[in-house]
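These notes are about the structure you will find just below.
Excluded from the calculations below are hydrogen atoms, water molecules and symmetry mates; all remaining heavy atoms, backbone and side chain alike, are included. Whatever order the structure lists them in is the order used to number ligands and atoms, beginning at 1.
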Amino acid sequence: MDQAPEVLVPETSTIEPSSDTPDPIPSPLARRIPWLVLAGGLLLSALAWDQSARSLHEEAQHRFSIRVEEVHSQLGDRLKVYDQLVRGAAALFTAFPAVHRAEWNRFVEGLYIQQRYPGITSVAYARRIEAMRGAELVAAMRADGVPDFRIWPENAGAERAINIFAAPVNDSNIRALGFDMMSEGLRRTAIEQARDSGQPMATRAITLKIDEVSAPQAAFILYQATYNGDRPPPTVETRRAAFTGVVLTPVRIAPLVDGLFGAGRHDLGIEVFDTPSADAEFPLYRNDRPVAGTPLFSVAREMLVGGRIWTVHYETRPEAEHGAEEWVPEAVLAAGLTISAALFLLLRAMSATRARALVLAERMTESLMRRDAERKQLFTQAPLGIALIDRDGRMIDANPAFARAAGLEREALAGLDLRLRAADPAVLAALDTAIRGESGKLETDQPLLVGGRRNHFSLHFQPVTAHGELLFVLVFAEDIGEKRRAEQHIQYLAHFDALTGLPNRVLLFDRIAQALREARRDGGKVGVLFIDLDRFKVINDSLGHSFGDEVLRSVAKRLQSGLRESDTVGRLGGDEFLIVVRRMNEPGDAAAIAEKVVAHLASPFAVGGQSFVVTPSVGISLYPDDADDVEGLIRCADIAMYSAKEQGRNGYRFVTKEMGAKSRERMDLEGSLRQAIRDGELFLVYQPQVDTIDGRLVGLEALVRWRHPQEGLIMPGRFLPVAEETGLVVAMGDWVLFEACAQIRRWRDRFGLDVPVAVNVSGAQFRDGQLPAKVAHALEANGLSGPELEIEVTESTLIEDVPAAAETLAALKARGVLIALDDFGTGYSSLSYLHRFPIDKLKIDRSFIHDLSTGASNASVPRAIVGLGRSLGLSVIAEGVETEEQLQLLRDLSCESYQGFLFSRPVPVEQVDALLAALPAR
Ligand SMILES: Nc1nc2c(ncn2[C@@H]2O[C@H](COP(=O)(O)O[C@H]3[C@@H](O)[C@H](n4cnc5c(=O)[nH]c(N)nc54)O[C@@H]3COP(=O)(O)O)[C@@H](O)[C@H]2O)c(=O)[nH]1
């Protein structure tokens, strides 16, 4: 079985869960991973944010430094330009000492100071004069076109520097003309420094004269001294001596600094201090009002301006502290947090998904394993044989049931070529058809495989394909031998009698019908013989059913012997048999068979160590003489059989028209009896039982009669057999029992009756199981205690089922009633059972009494019965006593009581009334 495909299964029947099934619950580490990732993510986000903020800070600082450097150097450059300006202007005086005012004005105008030199209000020249020579200067200036020129202030020092040129020409600069620069301390100091150094020198912060009135603001004046001669004097003394005046440029600081920035672009805070200075805390310039709080960055740089040291404070402006990337750290942080949270959620979800996937995987694995194991179990334990055959007809695998069905070892089946080994060619054909893709079914009574077990099999061939390709052929083999045998048995039971093996009623009917068809077609007669065994009921009841069954089997064998092949003997049921005689020429043929039947049964039967004779009563009907259908023929034969019985049994009769009428009467009787019970047509008569010696009344026997509305009085001998056959005897017996008890009540009330009244109970009543209850009810309903009533039961009834009979009698006895055994002596084994029954009285059957008088037998039986009764303490009564002779014999036998026509026939109630009334009071 090595080459077996996936469907092959090992011999296993248990389903074990897999040990390597993954744990569906995530490990603690796996559960922590999302949290670790979250913590790591938060940390990295914080670090990234910090790093980003730092680099942004450093970048801002770097930007600030560069910007400061840029602004500071621009400021320095501008001041140097101013410096160059005054130097250049001074050089003009060196080259042309007699510069005229108009030339000066043109020179300055050519400088475009307003556009190029922010903050410079004018480029002026102050000439040094001695105080005494002021008037000359005034006269010369006025002559030179400045009519209002005057020197101011008037009370000046010995040395003066009078502002004679101031361009560009405007009102302010014109007003500044004549101002003595040396008259004011700050200016004079700067001028003297400029004179002595030969370098441009600046005043400390001042308010320009031109601004004093309008808008005071910080300014300084840059001075450059001019000297006589072509070259600058080399020493202080020579410079003082050659000093001719100063070029000066008043510079408003605010425009100077503001000019460094574009319009409205004060990205830096700037404060310019003139240091060292007493007013250092008051800046020369501040480009904006101070803001609350500390700036992000600030720096102080120094600058040499006209011999003075300026300190310039730079600081970041709030609006410019942060660059365009200010959002970056927050964005980095936000992104980090978002990514961390997303990662966390993703991992959590993945962890949960994984857990769910693991659970799902485990369930699927378990399910698959279970299904696999179930499929294997199904295969190995299936009661149905299953085999897999490949496309070449070779056995791939087979389950144990198939091996059993084939009658071979399972191992021996592997690789077996079915084409060579199939026992039945039909199996081979079905296999080939299945290999071609068509399923099929067949039944075979051959072995599945050559050399295997022969049986009846049902086979189903099922091709199994995938994508149109044949994988293998599944063969299902069912051993239907049992089923077939059961079906055959059922068939047999349906047509044959289980006890005797003879055809039963169904088959008999069929055979008669067949014979009738033949006779109709070919002509001729059909005979039906209805056989009933005489007194078989007695055998059955007294010796037991198994004994009776054995007798029936023996009878069946004898009936079969001597019959023609074409004739059929069957059993209708009970002790009734039927013989169908086909192709009969004349009635004598049937008579001959009937005689043969009587003759065959005549010799004694030996059953169970006993030898006895069974006689038959045979009724014969003929087709087409008596009836032309099955039912009619059987009914006629049945009627004829009854007639044979009436004629003394052990013989045969052909059916006659009169018999048919009698049979119909019998059926009519059944219907009428039903009605009689219902309509109260039954009544009781009573036969007295008297003492053999003195004729004293010792009891009464109730006997049923039927007053038929049309036919008058009908005796029980006529209707009781019908009542017993139909079961009506139970209802009838119930009525008799109750009516007798009611009569006892009446007689006791009227006449003080003190002898028991006997009631006959049939076998059917006794077997009913309800008798004790019914008796109890009848007694109670009529206020009787029990001994007033005597139950008569026949010996054969008791022997039928001894334990049940003993139980019923015990129950009756317990209720107090008396028990009499009727027809005693006619039974077969009565004596052996007597001691088991609680009996009070034995009734000697009237046949023995009759025989006494006729001399047919001696008195041995009545004597034995009387002796038995005495020894068992039972009273004994003889029935059917008709003559004095019989009575005398009974007296001789010491039989204590009797009943019979000699004393009284059964009489109606009224006559019993008279009898009782005549009795002497006791
Ligand atoms: N289950 C029941 N069986 C009953 C009932 N009533 C009667 N029977 C049985 O019917 C059989 C015939 O009874 P019957 O025709 O009433 O005959 C009885 C007597 O009339 C008859 N008898 C009495 N004395 C004589 C006689 O001197 N000579 C003579 N030839 N016949 C006589 O005997 C019958 C009583 O027999 P037994 O019961 O055995 O004492 C009969 O078997 C009845 O038992 C019933 O209600 N239920």
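No side-chain donor-acceptor contact under 3.5 Å links Asp575 to the backbone of Leu552. Between the Arg571 side chain and the Gly574 main chain, a donor and an acceptor come within less than 3.5 Å of each other.
Ion pairing of Glu780 with Arg815 is present here, as a side-chain N (NZ or NE/NH1/NH2) and a carboxylate O approach within less than 4.0 Å.
Protein non-hydrogen atoms do reach within 4.0 Å of atom 39 (O) of ligand 1. Put simply, atom 42 (O) of ligand 1 has no protein non-hydrogen atoms near it, under 4.0 Å away.
The nearest heavy-atom contact from the protein to atom 27 (O) of ligand 1 is Phe901 N, 2.9 Å. Of all protein heavy atoms, the one lying nearest to atom 36 (O) of ligand 1 is Arg846 NH1, 3.5 Å. Given atom 28 (N) of ligand 1, the protein heavy atom at minimum distance is Glu882 OE2, 2.5 Å. Ranking the protein heavy atoms by distance from atom 6 (N) of ligand 1 puts Val704 N, 3.0 Å first. In terms of protein heavy-atom proximity, atom 15 (O) of ligand 1 is closest to Pro716 CG, 3.4 Å. The protein heavy-atom contact nearest to atom 16 (O) of ligand 1 is Arg705 NH1, 2.9 Å.
Within the structure, ligand 1 has Lys843 among the residues with a heavy atom less than 4.0 angstrom away. No heavy atom of Gly733 sits closer than 4.0 Å to any atom of ligand 1. Within the 4.0 Å heavy-atom shell around ligand 1 one does not find Arg905.
Within the 4.0 Å heavy-atom criterion, the part of Val881 lying near ligand 1 is the backbone and not the side chain. The residue Gln765 has no part lying near ligand 1, judged by heavy-atom distances below 4.0 Å. Heavy atoms of His850 found under 4.0 angstrom from ligand 1: none, in either backbone or side chain.
Leu700 is listed as a side-chain neighbour of Trp747, based on a closest heavy-atom distance under 4.5 Å. A 4.5 Å side-chain heavy-atom check between Gln911 and Ser904 finds every atom pair outside the cut-off.
By the 30° and 60° cut-offs, the orientation of the rings of Trp706 relative to His708 is tilted.
In this structure, Gln888 places its CD atom where more than 12 heavy-atom neighbours from other residues, nucleotides or ligands lie under 6.0 Å away.
In plain terms, the two heavy atoms of Asp754 and Arg748 that are nearest each other are CA-NH1, 4.3 Å. For the pair Phe547 and Val607, the tightest heavy-atom approach, listed with the atom from each and the gap, is CE1-O, 3.1 Å.
In terms of polar-atom proximity, Gly900 is not counted as a contact of ligand 1, lacking any N or O under 3.5 Å from an N or O of the ligand.
Counting only non-hydrogen atoms, the option in Leu737, Leu703, Asn760 that gets closest to atom 1 (N) of ligand 1 is Asn760. Comparing Glu879, Gln899, Gln687 against atom 24 (N) of ligand 1, the shortest heavy-atom distance belongs to Gln687. Atom 20 (O) of ligand 1 has its nearest heavy-atom neighbour, among Ala820, Pro906, Ala723, in Pro906.
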